[in-house]
Amino acid sequence: MICEVVINNISRHTDNIYHYLAPENLNVSVGQRVVVPFGRGNKPLEGYVLGICEESEYKNLKEILSLADGYVYFNEKTASLIKFLHHRFFSPYCDIIKAVLPRGVSLKMVTVVHLSDNGEDYIKSKIKNSLIKERIVETLKENGGFCELDELCKNVGRKNITQTLKSLVCDNIVYTELKKEEGQKDKYIKVASLAIEREEAYRMCEILEKRAKAQARVVEVLCENESVSLSELLDICETSKSVVDVLEQKGIVTVFEIPRPFDEEISEIDDKKVELTDEQKSAVETVGKSIDNGENKTFLIHGVTGSGKTEIYLNLIERCMNLGKQSLFLVPEISLTPQMVAQVKGRFGSRVAVIHSMLTVRKRYEEWKRINEGEVSVVVGARSAVFSPLAKLGLIIIDEEHEGTYKSESSPRYHTTEVARFRAKSEGAVLILASATPSFESYWRAENGKYTLIELKNRVNNRDLPKVTTIDMRKELENGNFSIFSERLKTEIANNLKSKQQTILFLNKRGYSSFVSCRKCGYVPKCPNCDISLTYHKNGGFMVCHYCDYKTEKLDVCPNCQSEQIRFFGLGTQKVTDEIAKLFPSATYLRMDADTTSKRFSHEEILNKFRDEKTDILVGTQMITKGLDFENVTLVGVIAADLSLYQDDFRAGEKTFSLLTQVVGRAGRGEKEGRAVVQTYYPENEIFSYASNQDYVSFYKNEIALRRQMLYPPFCEMINFTASSDSEKTAFDALLNFRNALLDEIKEKNIKADVFGVQSAPMHRINNKFRSRFIMKMNYNREIYERIHTLLKNFYKDNVSIIVDVNPVNMY
DNA sequence: AGCACGCCGACT
DNA sequence: GTCGGCGTGCTC
């Protein structure tokens with residue numbers, strides 16, 4: 001039997017599937033972790049079995065050394081998913097495996113060097129012909145006769161001592177041993193129980209009572225309880241482990257290890273079911289039928305904000321559960337949707353696993369294992385949860401499907417929707433994509449019959465959508481209003497304060513930061529590593545680079561012209577709150593952005609505060625656009641709506657529209673009617689009339705025509721190639737050669753593709769690496785993809801790396 | 001990446 | 001002669 005093995009954690013050059021023979025006595029299957037001899041030195045390395053085959057074109061195959069453990073980490077469906085991801089997104093196998101498996105399972109092979117008996121002789125003998133050998137032996141002796149190889153190298157002060165070691169092994173002075181070093185694995189807890197009959201133990205208690213009170217207490221507790229965890233036992237008896245050790249030696253108590261039980265979080269089951277609207281009922285029926293029949297179908301739910309999509313999900317998950325199938329529920333960012341997570345947990349209790357980015361490594365591993373062993377019916381999580389090892393997958397839900405966070409920006413650079421489509425197809429599951437503003441790619445597929453479109457046109461409480469007013473900020477300036485709030489927004493806020501209703505102020509900060517500039521000469525301080533304008537932080541008075549976290553003191557004098565007219569421009573959420581404090585001194589407000597939510601759980605804290613303490617105003621960035629459902633919010637203000645319109649990105653319009661729709665949708669979710677004020681410097685842009693009418697379809701029709709004409713997705717696929725290197729020229733030249741080789745292949749195979757020229761990347765320097773890029777528009781073609789794979793291997797050198805990004809969301 | 005192999009100068 | 005430095009090329 002021949003196994004397809006990928007070696008974990010080496011380099012792009014060795015990022016291949018290697019064939020190994022499985023020894024007869026080893027029961028190897030797909031998804032197992034194995035140790036294989038690799039390279040000329042047959043260095044034992046960790047690998048994963050991706051497949052089994054009968055024949056191989058390679059001669060002289062080596063044999064698998066051993067299984068790392070008996071555990072099956074993934075099934076064959078997952079193995080084919082890994083292969084697909086590798087081919088489609090040009091990600092190294094080991095990165096994909098890292099994404100599929102939880103962190104902390106990786107295995108390290110450690111070589112331990114031991115001093116053999118002859119070693120003593122060597123020290124005594126005077127034949128010391130090598131300084132290094134001498135030092136090695138000395139280090140070993142100091143360490144008690146053995147040392148790990150890495151450690152030994154460090155102590156000796158050499159990078160590579162294999163040669164020297166080999167000669168020492170030959171002379172029988174040292175020997176080496178191979179040890180497996182486990183990462184995060186099953187944690188065991190120690191449990192104590194009686195080793196003797198209880199009757200006898202009671203008698204022992206009386207004897208011990210006189211001279212060893214602590215021992216007596218321990219035995220007493222154990223008489224009353226079958227078995228007690230050691231830590232608990234010591235706690236109750238107020239004693240130390242030595243007492244238990246003595247009892248164990250006497251043969252009265254035994255201590256053994258059991259796997260740590262998972263700490264169950266008790267969540268109350270909230271079984272109250274909401275009566276569904278007709279729209280919701282028919283959506284559940286349509287999708288439900290497909291689930292019942294095990295059809296592989298994709299539905300696009302286009303529902304206005306507040307149309308009650310969550311209730312539909314919950315019903316469908318339940319339906320799935322009743323069929324004995326599992327569901328996968330994906331949200332853009334788990335910490336942004338605490339209410340939704342709470343609802344799922346409330347409904348399904350301990351059958352839900354929540355994969356949270358804030359989980360500790362250990363907790364994450366436990367949850368993964370619970371899922372892998374089939375103890376879970378629903379998994380809720382962000383992007384990476386799409387890989388959850390559910391064996392009986394019946395339903396995948398991708399909520400807020402248009403969100404950019406579904407595209408991974410680091411290796412493996414997958415798109416969640418595409419992975420979900422692949423899984424749904426190979427595992428016979430139903431896929432639901434849902435959004436108030438679907439991505440154009442998805443809506444286009446629905447229009448073309450690839451997805452089934454379900455429209456939800458009404459809000460559950462039958463409330464109207466918020467009334468949107470667009471304000472021309474240029475006129476405000478003309479009328480002498482230099483504030484960041486228009487007169488209209490000021491009055492609306494004042495009204496809300498009077499009627500004790502809550503307000504959300506949204507600042508569209510992406511692609512725009514509060515940069516520092518000199519009013520006299522125009523100088524802008526930039527990051528010395530990344531060439532990005534530094535952002536000023538009032539808290540602490542320093543400037544910071546948002547890419548590499550470079551920090552520097554704020555400037556008082558312009559270093560270019562010595563003028564003192566150096567000022568901080570642009571808006572931060574802090575500037576907005578400052579303005580609130582000035583205009584409405586009695587108002588209470590909260591700020592929510594990356595700065596205030598960097599702490600663990602602070603996100604939820606802020607939201608709870610806003611809800612419970614009835615804070616008047618919440619100021620925030622992108623984060624507040626999602627999932628918030630507060631009844632008392634009746635006013636939404638968008639401070640500068642057009643900021644994101646001026647990015648050099650063909651999706652800028654789509655992104656801005658969706659942002660506006662989402663944020664405006666936060667208002668008027670309860671009994672009271674909602675209003676929204678959108679401030680812009682360019683109200684002529686059609687996007688504002690579509691957005692104020694919440695007319696997605698018209699906006700889509702208008703914009704998709706443009707996409708077709710300009711040949712942008714969904715009418716083509718885009719691939720972004722970026723080369724980075726310490727030297728600008730190296731990066732550029734390497735990419736140029738890469739592009740030429742690719743062009744040759746495209747010409748030869750006569751493929752339709754637009755290959756643009758090599759240019760300096762928009763983020764031309766990040767962390768002292770220079771970056772060049774070129775873009776290619778081409779629809780998927782197997783042959784070209786294969787060619788790109790081989791080219792990548794050839795062009796991967798120490799001094800340049802080429803990154804491929806398929807259908808990128810951001811094109812830095 | 002890591003490691004072996006091979007070629008070359010320095011030193012017992 | 002041999003040790004060790006560095007360049008090159010392969011890894012089922």
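Chain A is the first sequence line, chain B the second, and so forth, proteins listed ahead of strands; every chain is numbered from 1.
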Output one line per pair: protein atom, nucleotide atom from nucleotides 7-11 of chain C, and distance, for all N/O pairs under 3.5 Å.
{"unit_1": "dG9(C)", "atom_1": "N2", "unit_2": "R40(A)", "atom_2": "NH2", "d": "3.0"}

**Request:** Could you please name the option among dC3(B), dC12(C), dA1(B) that lies closest to any side-chain atom of S11(A)?
**Result:** dA1(B)
**Prompt:** So, is K43(A) close to the dG2(B) phosphate, meaning a side-chain N or O under 4.0 Å from OP1 or OP2?
**Reply:** no
d([atom1], [X]; [atom2], [N]) in whole Å:
X: L45(A); N: dG2(B); atom1: CG; atom2: P; result: 9 Å
X: K793(A); N: dC12(C); atom1: NZ; atom2: P; result: 15 Å
X: D15(A); N: dA1(B); atom1: CG; atom2: P; result: 13 Å

**Prompt:** Under a 4.0 Å heavy-atom cut-off, which of residues 86-93 of chain A touch DNA chain C?
**Reply:**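 Those residues whose heavy atoms fall under 4.0 Å from DNA chain C, taken from residues 86-93 of chain A, amount to none.
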**Item:** Contact nearer the 5' end of DNA chain B, comparing Y796(A) with G41(A)
**Value:** Y796(A)
**Request:** Sorted by first residue and then second, give each ring pair (Phe, Tyr, Trp, His ring centres under 6.0 Å) pair with at least one member in residues 24-47 of chain A; sequence neighbours left out.
**Result:** Y18(A)-F38(A)
For [X], all residues meeting salt bridge (charged side-chain N to carboxylate O under 4.0 Å, His left out), sequence neighbours excluded:
X: E717(A); value: R88(A)
X: K83(A); value: E4(A)
X: R739(A); value: none
X: E63(A); value: none

**Asked** How would you list, by chain and number, every residue that makes a side-chain hydrogen bond (donor to acceptor under 3.5 Å, both in side chains) with H789(A), sequence neighbours excluded?
**Response**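 Residues passing side-chain hydrogen bond (donor to acceptor under 3.5 Å, both in side chains) with H789(A): none at all.
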**Request:** Check side-chain hydrogen bond (donor to acceptor under 3.5 Å, both in side chains) between S411(A) and all other residues, then give those that pass, not counting sequence neighbours.
**Result:** D95(A)
**F387(A) and Y414(A) aromatic centres sub-6.0 Å** = yes
